[in-house]
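The block underneath contains the structure these notes are about, expressed in structure tokens.
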Amino acid sequence: MEPPTFRDRRGLFFESYNHKTLEAVLGRSVGFVQDNHSVSHEGVLRGLHFQTGKHAQAKLVRVVRGEVLDVVVDLRRDSNTYRNVFRTILSESNRKMLFIPKGMAHGFLSLKDDSVFLYKCDEYYNKDAESGIIYNDPDLKIDWGFPENKIILSDKDMKLPKLKDLSI
Ligand SMILES: Cc1cn([C@H]2C[C@H](O)[C@@H](COP(=O)(O)OP(=O)(O)O[C@H]3O[C@H](C)C(=O)[C@H](O)[C@H]3O)O2)c(=O)[nH]c1=O
């Protein structure tokens with residue numbers, strides 16, 4: 001979604017969240033319970049993450065500063081896009097927002113220093129329900145559009161499993 005932007009001599013304004021608009025676009029109800037905020041240096045890759053079972057999260061994500069390559073992988077076995085990889089640029093300048101349904105793995109790579117990533121989740125964080133897929137999974141072959149030797153990962157993300165080693 002790209003909300004209308006209103007510019008004048010002071011700057012700009014746009015509605016960063018409108019529940020009625022989102023439900024109209026989705027064609028169904030959604031109820032967010034938690035907002036998250038992360039700041040990532042250039043080259044930082046967070047993901048691919050998802051929460052399992054009843055803790056699976058739908059997310060509405062956007063970038064308020066900087067630019068990221070956002071990546072979503074469909075893990076829903078009954079989906080006709082199962083295991084498809086979707087990539088898009090979210091940035092301060094394009095003001096795009098992306099709704100990520102439950103059942104997806106999500107990650108992003110920051111293409112600028114100190115990119116600020118804000119997102120809404122419809123389930124609370126549950127550490128015990130956390131799972132993920134290694135960013136360079138050989139079956140997914142995700143092009144992160146960034147030099148591999150310059151990618152910065154958390155220790156946790158470096159140890160994430162391959163999709164084929166997960167029973168999904
Ligand atoms: C996600 C989360 C984390 N935390 C704590 C746990 C750690 O002590 C610290 C950093 O967590 P983590 O390294 O998992 O943060 P990210 O790598 O940005 O994780 C996110 O990365 C990708 C992009 C996602 O889509 C998920 O929302 C989320 O997994 O924050 C919390 O207290 N609450 C939370 O909701």
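Atoms within each ligand, like the ligands themselves, are counted from 1 in listed order. What's counted below: heavy atoms across the whole structure, side chains too, no hydrogens, waters or symmetry copies. Only a predicted model underlies this, so the values are computations on that prediction, with no experimental measurement involved. Quick note: residue numbers are just sequence positions, from 1.
The cationic group of K59 does not satisfy the cation-pi geometry with F99, failing either the under 6.0 Å distance to the six-membered ring centre or the 45° limit from the ring axis.
Note on E123 versus K54: no salt bridge recorded, every NZ/NE/NH1/NH2 to OD/OE distance being 4.0 Å or above. Salt bridge status for D122 with K102: present, with a side-chain N to carboxylate O gap under 4.0 Å. A salt bridge is defined here as a Lys NZ or Arg NE, NH1 or NH2 lying under 4.0 Å from an Asp or Glu carboxylate O, and K112 with E92 fails to meet this definition.
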Less than 3.5 Å apart, N/O on ligand 1 and N/O on the protein: could you list those pairs with the distances?
| residue | atom | partner | partner atom | Å |
| --- | --- | --- | --- | --- |
| ligand 1 | 14 (O) | K156 | NZ | 2.7 |
| ligand 1 | 18 (O) | R46 | NH1 | 3.0 |
| ligand 1 | 19 (O) | H49 | ND1 | 3.3 |
| ligand 1 | 21 (O) | H49 | ND1 | 2.9 |
| ligand 1 | 25 (O) | K59 | NZ | 2.9 |
| ligand 1 | 25 (O) | H106 | ND1 | 2.7 |
| ligand 1 | 27 (O) | Y119 | OH | 2.9 |
| ligand 1 | 29 (O) | H49 | ND1 | 2.7 |
| ligand 1 | 35 (O) | Q34 | NE2 | 2.9 |

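Using the six-membered ring where Trp is involved, F108 and F117 have ring planes that are parallel, under 30° apart on the 30 and 60° scheme.
For D74, the salt bridge (Lys or Arg N to Asp or Glu O under 4.0 Å) partners at least two apart in sequence or on another chain are R76.
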